[in-house]
Amino acid sequence: MTQTHILNGDALKERFPKQIQGQTIVIRECLIEGEVSGNSMGEFYRTRSDYLSKAYPGESDYFESVVPELESILTLPKTIPLYLWFEDDLFCQTNFWFICSLLFEKEQENAFLVRPGNNSLQYGFGGLSEEQLIQAFKKSTLLSQNDLEYFGELWAAYRTRNSGKLKNLSDSIPPKFNFLPEAIEAAIGVVENNEPRILIQKIMTELDELSFPGTFREFHKRYPIFGFGDLQVKRIFDEINSTN
């Protein structure tokens, strides 16, 4: 089997450079939000499906669009080159941490992290040209078993809403992952006080902003570290309006 690329979404798949060889797997999760419990992958899938179908009715079926991609990761040979294309925002990072936890359990070798580069929070891979995507691939960082274990621990702490553990892990970040402090800080904010909701409420109050497009633009501009798309902000926006 050739090298494999785990992509952070369909948008990247549509723009993925043809010059880069290998098969692609697309992660269509948003583990930054919702219930993430389950003592097995089957239970986890059911939990996520239940949450997402209620939070985003009418979106694609979880067992058709998400599960097959995740399952394909579990069956990959552990010796093939595996490239994980994820950005620095918390939306991407929680998905990345989860994938790393799976790879650590299966003792995956030859795993690499591909990032869009520093100072790219607002646009991520979407702000890169084809040549820049190729350069990002060439600058990928090898993930050791210790690295996979560390990211797996971040996922376990986030999954169990253990802010104390997240804070401890933020004190032992491997130097080569200098993008992590802001993401972990954002994770702590989500766990401790549902910070995105507080910040969206603040924007709506400060700007007397009653429209969703205006609220979304401002949230995306001020707080790109969360990586929320329009679906996530709209859900919170609607919840706030329903309680006012």
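Remember, it's a predicted structure, so these values are computed and weren't measured experimentally.
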**Prompt:** Is Pro196 close to Val190 at the side-chain level, that is, under 4.5 Å between some pair of heavy atoms?
**Reply:** yes
**Message:** Please report the interatomic distance OG(Ser163) to CG(Asn193), rounded to the nearest 0.5 Å.
**Reply:** 10.0 Å
**Prompt:** Just by distance, with hydrogens left out, do Asp50 and Thr47 show a side-chain donor and acceptor under 3.5 Å apart?
**Reply:** no
**Item:** Arg222/Glu206 ion pair, N-O < 4.0 Å
**Value:** yes
**Glu71 (side chain) donor-acceptor with Val67 (main chain) under 3.5 angstrom** = no
**Request:** Could you walk me through whether Leu12 and Leu133 pass side chain to side chain contact (heavy atoms under 4.5 Å, CB included), step by step?
**Result:** CA-CA 10 Å; Leu12 178 57; Leu133 288 172; 4.1 Å; yes
**Message:** Counting C-beta onward and ignoring hydrogens, is there a side-chain heavy-atom pair between Cys30 and Gln232 closer than 4.5 Å?
**Reply:** yes
**Asked** Atom CG in Leu74, atom CD in Glu105: separation rounded to 0.5 Å?
**Response** 9.0 Å
**Prompt:** Are any of the side-chain heavy atoms of Ile27 and Asn8 separated by less than 4.5 Å?
**Reply:** no
**Message:** Rounded to the nearest 0.5 Å, what separates atom SG in Cys100 from atom CD in Gln145?
**Reply:** 10.5 Å
**Request:** Run through Phe137, Tyr83, Phe86 and flag the one making a ring-ring contact (aromatic ring centres under 6.0 Å, His included) with Phe112.
**Result:** Tyr83
**Message:** Do the side chains of Glu239 and Arg197 get close enough for a salt bridge, i.e. N-O under 4.0 angstrom?
**Reply:** yes
**Asked** Out of curiosity, does Ile73 fall in the hydrophobic cluster containing Leu148 (side-chain heavy atoms, cut-off under 4.5 Å, transitive links)?
**Response** yes
**Item:** Residue from Phe44, Phe104, Phe91, Tyr158 passing ring-ring contact (aromatic ring centres under 6.0 Å, His included) with Phe98
**Value:** Phe44
**Item:** Verdict with reasoning, Glu29 to Val66, per side chain to side chain contact (heavy atoms under 4.5 Å, CB included)
**Value:** CA-CA 7 Å; Glu29 256 286 11; Val66 181; 3.9 Å; yes
**Prompt:** If you count the non-hydrogen atoms of other residues, nucleotides and ligands that lie under 6.0 Å from CG in Asp171, is the total more than 12?
**Reply:** yes
**Item:** Validation row: Cys92, Asn95 side chains within 4.5 angstrom (heavy atoms)
**Value:** no
**Request:** Would you please say whether a donor-acceptor pair under 3.5 Å links the side chains of Arg48 and Tyr62?
**Result:** no
**Asked** Does the side chain of Leu84 come within less than 4.5 Å of Val114's, by heavy atoms?
**Response** no
**Message:** So does Tyr45 get a backbone contact from the side chain of Ser49, meaning a donor-acceptor N/O pair under 3.5 Å?
**Reply:** no
**Item:** CG on Leu102 to CE on Met41, rounded to 0.5 Å
**Value:** 5.0 Å
**Message:** Taking the ring centre of each residue, are His5 and Phe16 less than 6.0 Å apart?
**Reply:** yes
**Prompt:** Which of parallel (below 30°), tilted (30 to 60°) and perpendicular (above 60°) describes Phe216 and His220?
**Reply:** parallel
**Prompt:** What are the two closest heavy atoms between Asp88 and Gly117, and how far apart are they?
**Reply:** OD2-O, 4.1 Å
**Prompt:** Does the pair Phe228 and Ile236 meet the rule for a side chain to side chain contact (heavy atoms under 4.5 Å, CB included), with working shown?
**Reply:** CA-CA 11 Å; Phe228 276 12; Ile236 298 173; 3.7 Å; yes
**Request:** Report yes or no: does Glu69 contribute a side-chain atom to a donor-acceptor pair with the main-chain N or O of Ile25 at less than 3.5 Å?
**Result:** no
**Fill in**
Nearest heavy-atom contact between Ala183 and Gln93 is CB-CG, 4.1 Å
**Nearest heavy-atom neighbours spanning Pro224 and Asp89** = O-CB, 3.6 Å
**Item:** Shortest non-hydrogen contact from Tyr56 toward Leu231
**Value:** CE2-O, 3.4 Å
**Prompt:** Counting only N and O atoms by type, is there a donor-acceptor contact under 3.5 Å from the side chain of Asp10 to the main-chain atoms of Lys13?
**Reply:** no
**Message:** Is any side-chain heavy atom of Ile173 closer than 4.5 Å to one of Pro181?
**Reply:** yes
**Asked** Hey, any chance Phe63 and Val26 share a hydrophobic cluster, counting ILVMFWY side chains that come within less than 4.5 Å of each other, even indirectly?
**Response** no
**Request:** Anything under 30° is parallel, anything over 60° is perpendicular, the rest tilted; go ahead and classify Phe219 against Tyr223.
**Result:** tilted
**Message:** Quick check against the 3.5 Å criterion: does Arg15 have a side-chain atom that pairs as donor or acceptor with the backbone of Leu128?
**Reply:** yes
**Message:** Closer than 4.0 angstrom, basic N to acidic O: yes or no for Lys234 and Asp238?
**Reply:** yes
**Complete:** Between Lys176 and Leu142, the two heavy atoms sitting closest are NZ-O, 3.3 Å
**Message:** Under the criterion side chain to side chain contact (heavy atoms under 4.5 Å, CB included), I'd like the reasoning laid out for Leu154 against Leu166: C-alpha separation, chi angles, the key distance, then a yes or no.
**Reply:** CA-CA 6 Å; Leu154 282 174; Leu166 286 169; 4.1 Å; yes
**Prompt:** Are Phe151 and Phe96 close enough that their ring centres sit under 6.0 Å apart?
**Reply:** yes
**Asked** Is there a donor-acceptor pair under 3.5 Å between the side chain of Arg28 and the backbone N or O of Ser65?
**Response** yes
**Request:** To the nearest 0.5 Å, tell me how far Ile20 CD1 sits from Glu130 CD.
**Result:** 8.5 Å
**Message:** Would you say Phe212 ends up clustered with Ile198 if hydrophobic residues are merged whenever their side chains have heavy atoms under 4.5 Å apart, either directly or through other cluster members?
**Reply:** no
**Item:** Nearest heavy-atom neighbours spanning Ile225 and Ala186
**Value:** CG1-CB, 4.0 Å
**Prompt:** Between Asn168 and Lys165, is there a donor-acceptor pair closer than 3.5 Å when you use the side chain of the first and the backbone of the second?
**Reply:** no
**Asked** In chain order, what residues pass the side chain to side chain donor-acceptor pair (under 3.5 Å) check against Tyr51, with sequence neighbours excluded?
**Response** Glu33
**Item:** Other residues, nucleotides, ligands: >12 heavy atoms within 6.0 Å of Gln21 CD
**Value:** no
**Prompt:** Within a radius of less than 6.0 Å around CD of Glu185, do more than 12 heavy atoms belonging to other residues, nucleotides or ligands occur?
**Reply:** no
**Request:** Calculate, to the nearest 0.5 Å, the distance between atoms CD1 and CG belonging to Ile6 and Leu103 respectively.
**Result:** 5.5 Å
**Side chain proximity check, Pro81 to Thr4, heavy atoms < 4.5 angstrom** = no
**Item:** Pair Glu153-Arg159, salt bridge (charged side-chain N to carboxylate O under 4.0 Å, His left out): steps then yes or no
**Value:** CA-CA 10 Å; Glu153 289 178 354; Arg159 178 180 184 176; over 6 Å; no
**Request:** Evaluate the side-chain proximity of Leu76 to Leu82: yes if any heavy-atom separation is below 4.5 Å, no if none is.
**Result:** yes
**Expected output: side-chain Glu35 to main-chain Ser37 donor-acceptor under 3.5 Å** = yes
**Prompt:** Counting only heavy atoms not in Lys202, do more than 12 sit closer than 6.0 Å to its NZ atom?
**Reply:** no
**Asked** Will you find, in the side chains of Thr79 and Glu109, an N or O donor that is under 3.5 Å from an N or O acceptor?
**Response** no
**Message:** Checking side-chain hydrogen bond (donor to acceptor under 3.5 Å, both in side chains) between Gln135 and each of Lys139, Gln132, Glu131, which is the one that passes?
**Reply:** Glu131
